[in-house]
Amino acid sequence: MTALNPTFAKLGVRDEIVRALSEDGKEHTFAIQELTLPLALKGDDLIGQARTGMGKTLAFGVPLLQKISTDTERPLTGAPRALVVVPTRELCLQVSSDLAAAGKYLTVGDRKLSVVSIYGGRAYEPQIEALRAGADVVVGTPGRLLDLTQQGHLQIGGISVLVLDEADEMLDLGFLPDIERILRQIPETRQSMLFSATMPDPIITLARSFMNQPTHIRAESPQSSAVHTTTDQFAYRAHALDKVELVSRVLQARNRGATMIFTRTKRTAQKVADELAERGFKVGAVHGDLNQGAREKALKAFRTGEIDVLVATDVAARGIDIDDVTHVINYQIPEDEQAYVHRIGRTGRAGKTGVAITLVDWDELARWELIDKALGLGHPDPAETYSSSPHLYEELDIPKDATGTVGPAKTPKTAKRPPRDSAEKQSRPRTRSRRRTRGGKPVTGHPDTEKAAANGKPATNSDTDAETAADGDKPARRRRRRRPRKAAAAAAAN
DNA sequence: AAAAAAT
């Protein structure tokens, strides 16, 4: 698929960038990159849309680097020429790291082209110092960008290329005022590029109001699903009290690599992470109640394979790119169809296979129906499933002897009581018909054939196993918030 | 109604 696309070199990308990408094994373009490059180099405003994990960062990153590094009329001076705005701090780190990697052989005078990340939750001084030393490309989150602008440490009056990554999120109500403030300080003659997998029509209209005749580029036809055809999607009805037990069994699936579990609230994310740790899983958490150091530490441990389960709020739903994520579990259903698309887009990236499992509680059913309908998933009323359901084991390739606990049970100091064992009391092992979809269309083939197909290309993370063995299985540190007894009990029932 | 994002 991608091998049929032209190489970066063939499209006229300068040798320094080609060489850097090539060292990362990136020779050929993805569709969105091929389509974007000529227009972006011409200076056109763009709205770029491609499915999750299909190369959007380099679709704006390569032309951005090429453009500012070859502009003889406005050579780089160390004053920022390109600004990339992103919705989360972790995505800020990832994007700036990707741009720095692609630009590592580019030079400005006798120094290297500089990509600086500007985001909250960290000390000011290193960021201010990095700006002072000369920043050609700035990647940042809105709050800290504005902060440093107001303090006079960041000059964005010379920006000629502006990118909004996850643009629909950046233009959503929570971010819009900040984005407008940033736009006011950037020259009107700038080039603007907006990218996301999801671009609701009202957002496109809003975007056009501050862009200059943008071209809307879609790497896929507008009719095609926003979700990868390589990701198998399952939905089950599950009682809240049974979800941790259910998840711990799903985590023992034979075909499972790294797994991301999404919740709707920070508190539930922490609770699930704590309970899975007690059950012996190598798990970390990322959500807004953790300090930035803890967030980055957990994500790094997940990237390196030191832990293979990450529980997160939607802070990690967008953009985060981790190679070997084979399973995404929606522990609580997402807010809307965009969030669903982005969450499950953490797996099945770049043509790999993935499994997405959504657990639908009774009181989530109405909202799930809306998401199911909007995306045409085809299972508005998922069959009820218990953690010990034999059919579940078969469908998700879980060994028969899988239980709710692995290894020696961890008993962190936060544990006040043994893990709940609700499954045995509540389960009635009875199976009902359930549907599955692949790429939005119901799949009707024989289950065994289906599974064989899914397993034909096993998603393995063996390439990272070796380097992770050394560090042992120390789970990422996490804390539990103190709550009065009554509140804690209510939360446990939640 | 929640999460994110400045302190």
Side-chain angles (χ1 to χ4, degrees), chain A residues 83-96 116-128 131 138-154 156 163-183 185 196 198 203 240 260-273 285-296 298-299 310-320 330-343 345-346 361 363-368 370-371 481 490-491 494:
Chain A
L83 176 64
V84 181
V85 189
V86 298
T88 66
R89 297 162 181 175
E90 287 72 21
L91 191 55
C92 177
L93 284 169
Q94 179 185 294
V95 169
S96 63
V116 171
S117 41
I118 300 294
Y119 63 100
R122 288 295 200 187
Y124 283 81
E125 272 313 316
Q127 296 181 4
I128 293 169
L131 291 172
V138 169
V139 184
T141 50
R144 184 61 72 91
L145 282 174
L146 285 166
D147 194 352
L148 292 190
T149 302
Q150 280 152 20
Q151 290 186 42
H153 298 295
L154 172 60
I156 55 177
V163 176
L164 300 186
D165 195 10
E166 308 296 343
D168 55 329
E169 173 82 351
M170 302 315 300
L171 297 176
D172 197 25
L173 262 40
F175 278 119
L176 189 56
D178 280 352
I179 297 303
E180 285 172 334
R181 243 168 259 141
I182 290 170
L183 287 174
Q185 302 178 55
S196 182
T198 50
I203 297 291
M260 292 183 76
I261 301 173
F262 286 101
T263 66
R264 200 172 49 81
T265 66
K266 295 177 275 195
R267 202 168 75 180
T268 303
Q270 192 58 58
K271 187 196 75 170
V272 172
V286 174
H287 56 73
D289 273 348
L290 295 171
N291 68 47
Q292 191 55 27
R295 283 167 58 162
E296 287 172 28
L299 194 63
L310 191 69
V311 189
T313 58
D314 281 331
V315 68
R318 283 178 175 256
I320 297 302
N330 290 316
Y331 187 92
Q332 295 169 310
I333 70 166
E335 287 303 312
D336 51 31
E337 67 265 27
Q338 286 83 22
Y340 178 87
V341 166
H342 288 279
R343 278 183 180 188
R346 296 319 96 209
D361 197 355
D363 60 6
E364 296 176 317
L365 199 53
R367 202 147 40 97
W368 172 248
L370 294 176
I371 294 172
R481 297 197 308 177
N494 180 23

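Keep in mind that what you see is a predicted model, and the values were worked out from it rather than measured.
- Applying the salt bridge (charged side-chain N to carboxylate O under 4.0 Å, His left out) rule to pairs touching residues 140-152 of chain A yields nothing, sequence neighbours excluded.
- Not counting sequence neighbours, the partners of Gln292(A) by the side chain to side chain contact (heavy atoms under 4.5 Å, CB included) test are Arg89(A), Glu90(A), Tyr119(A), Arg122(A), Arg295(A), Glu296(A).
- Asp172(A) pairs by the side chain to side chain contact (heavy atoms under 4.5 Å, CB included) definition with nothing, not counting sequence neighbours.
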Under 4.0 Å protein heavy-atom contact, by nucleotide of nucleotides 2-7 of chain B - B base, S sugar-phosphate only: BSSBBS

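- Going from atom CD1 of Ile333(A) over to atom C1' of dA1(B) covers 13 Å, rounded to whole Å.
- Residues passing the side chain to side chain contact (heavy atoms under 4.5 Å, CB included) test with Ala269(A) are Thr263(A), His287(A), Val311(A), Thr313(A), sequence neighbours excluded.
- Contacts of Thr198(A) classified as side chain to side chain contact (heavy atoms under 4.5 Å, CB included), with partners at least two apart in sequence or in another chain: Asp168(A), Ser196(A), Arg318(A), Gln338(A), Val341(A), His342(A).
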